[in-house]
Protein chains: 2
Amino acid sequence: MTDAVDAGADLFKALGDATRRTILDELADRDGQTLFEICGRLAMKHGLTSSRQAISQHLGVLEQAGLVRTRRDGRYKFHHLDTGPLRALVERWPIDREASP
Amino acid sequence: MTDAVDAGADLFKALGDATRRTILDELADRDGQTLFEICGRLAMKHGLTSSRQAISQHLGVLEQAGLVRTRRDGRYKFHHLDTGPLRALVERWPIDREASP
DNA sequence: TTGACAGGCAAGCAAGCGCTTGCGTATGAC
DNA sequence: GTCATACGCAAGCGCTTGCTTGCCTGTCAA
């Protein structure tokens with residue numbers, strides 16, 4: 001286990017931005033959206049004014065982190081949420097399941 | 001619930017840095033360390049060369065995120081890991097407990 | 001009291017990051 | 001074919017951020 005250093009650096013970096021977390025929320029609410037759909041719904045429901053390119057770059061970061069998987073069909077590119085990498089995050093530190101503050 | 005926007009922004013920001021994650025690893029391994037202890041063990045076990053002030057600032061961010069709680073005793077200040085905020089993180093998106101790709 | 005130890009505060013700097021701007025490419029409707 | 005659509009690429013800019021540097025406060029041992 002050489003170092004076991006920081007398995008999901010990209011994962012944490014991807015989750016570090018508020019816009020990207022909102023994108024994940026959106027994909028959790030409606031999976032398989034295109035870039036333009038995401039842009040529109042972010043503007044409508046969440047009041048985000050980011051440009052299309054900004055959202056595209058965010059999606060690139062999320063995809064690199066493994067949180068989003070894409071599927072091309074013609075000129076459309078659908079984005080799907082993948083919460084698999086989050087499991088590693090959960091298991092990294094011991095979380096008390098009980099204990100309500 | 002005005003907006004319910006992004007409950008733990010500080011939390012994700014705190015987890016976004018690799019050094020801070022290593023600090024959490026250290027506290028998970030040995031809870032209740034002082035600043036100098038943390039500095040020493042980070043240098044020894046993880047090869048980090050950051051200064052004392054750098055670590056102190058990281059601990060400040062972690063404390064603000066609620067991941068670290070401190071307790072003063074004389075001139076010593078002990079740092080304790082609190083994984084409570086991580087629960088909110090776990091519950092934000094649906095995580096498939098099964099599913100091995 | 002003097003000294004070493006543990007920690008805090010604040011300014012400055014360099015690197016990273018998010019965002020914009022502009023142009024380019026591929027697919028489908030007409 | 002022509003045009004609009006859906007998306008990609010890359011350079012540039014401003015802000016944030018992590019780190020260093022320097023100095024200061026509080027605590028305990030001698």
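On a predicted model such as this, the values are computed, not experimentally measured, just so you know. Numbers restart at 1 for each chain; the letters A, B, ... are given by sequence-line order, proteins then strands.
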Could you give me the CA-CA distance, side-chain angles and deciding distance for B:Glu37 and B:His79, then say whether side-chain contact (heavy atoms from CB on, under 4.5 Å) is met?
CA-CA 10 Å; B:Glu37 281 182 278; B:His79 301 79; over 6 Å; no

Protein-nucleotide distance ([X], atom [atom1]; [N], atom [atom2]), rounded to Å:
{"X": "B:Asp10", "N": "D:dT17", "atom1": "CG", "atom2": "P", "result": "10 Å"}
{"X": "B:Leu35", "N": "C:dC5", "atom1": "CG", "atom2": "C1'", "result": "12 Å"}
{"X": "A:Gln64", "N": "D:dG8", "atom1": "CD", "atom2": "C1'", "result": "16 Å"}
{"X": "B:Leu48", "N": "D:dG18", "atom1": "CG", "atom2": "C1'", "result": "13 Å"}
{"X": "B:Leu59", "N": "D:dC19", "atom1": "CG", "atom2": "C1'", "result": "15 Å"}

Any residue meeting side-chain contact (heavy atoms from CB on, under 4.5 Å) with B:Ala88, in chain and number order, not counting sequence neighbours
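Testing B:Ala88 for side-chain contact (heavy atoms from CB on, under 4.5 Å), a comparison that skips the adjacent residues, returns none.
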
Side-chain N or O of B:Ser56 less than 4.0 angstrom from OP1 or OP2 on C:dG7?
no

Check this one for me: any side-chain N or O of B:Lys77 less than 4.0 Å away from OP1 or OP2 of D:dG26?
no

Give the minimum heavy-atom separation between A:Asp82 and A:Pro85, together with the two atoms involved.
O-CD, 3.4 Å

Using links of under 4.5 Å between side-chain heavy atoms of ILVMFWY residues, direct or through other members, which residues join A:Phe78 in one cluster?
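A:Tyr76, listed by chain and number.
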
How sharply is the helix from C:dA4-D:dT27 to C:dC30-D:dG1 bent, taking the axes over five pairs at either end and rounding to 10 degrees?
30°

Between A:Leu86 and A:Leu15, is any pair of side-chain heavy atoms under 4.5 Å apart?
yes

Is the shortest side-chain heavy-atom distance between A:Thr83 and A:Leu24 below 4.5 Å?
no

Looking at residues at least two apart in the chain, or sitting in another chain, which of them share a side-chain hydrogen bond (donor to acceptor under 3.5 Å, both in side chains) with B:Gln33?
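By the side-chain hydrogen bond (donor to acceptor under 3.5 Å, both in side chains) rule, B:Gln33 matches B:Glu26.
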
Would you mind building the protein contact string for nucleotides 18-30 of chain C? One character per nucleotide, 5' to 3', B for base within reach (heavy atoms under 4.0 Å), S for sugar-phosphate only, - for untouched.
SBBBB----BS--

Contacts table for residues 56-66 of chain B: side-chain donor-acceptor under 3.5 angstrom, sequence neighbours left out:
residue, atom, partner, partner atom, Å
B:His58, ND1, B:Arg20, NH1, 3.1
B:Glu63, OE2, B:Thr70, OG1, 3.0

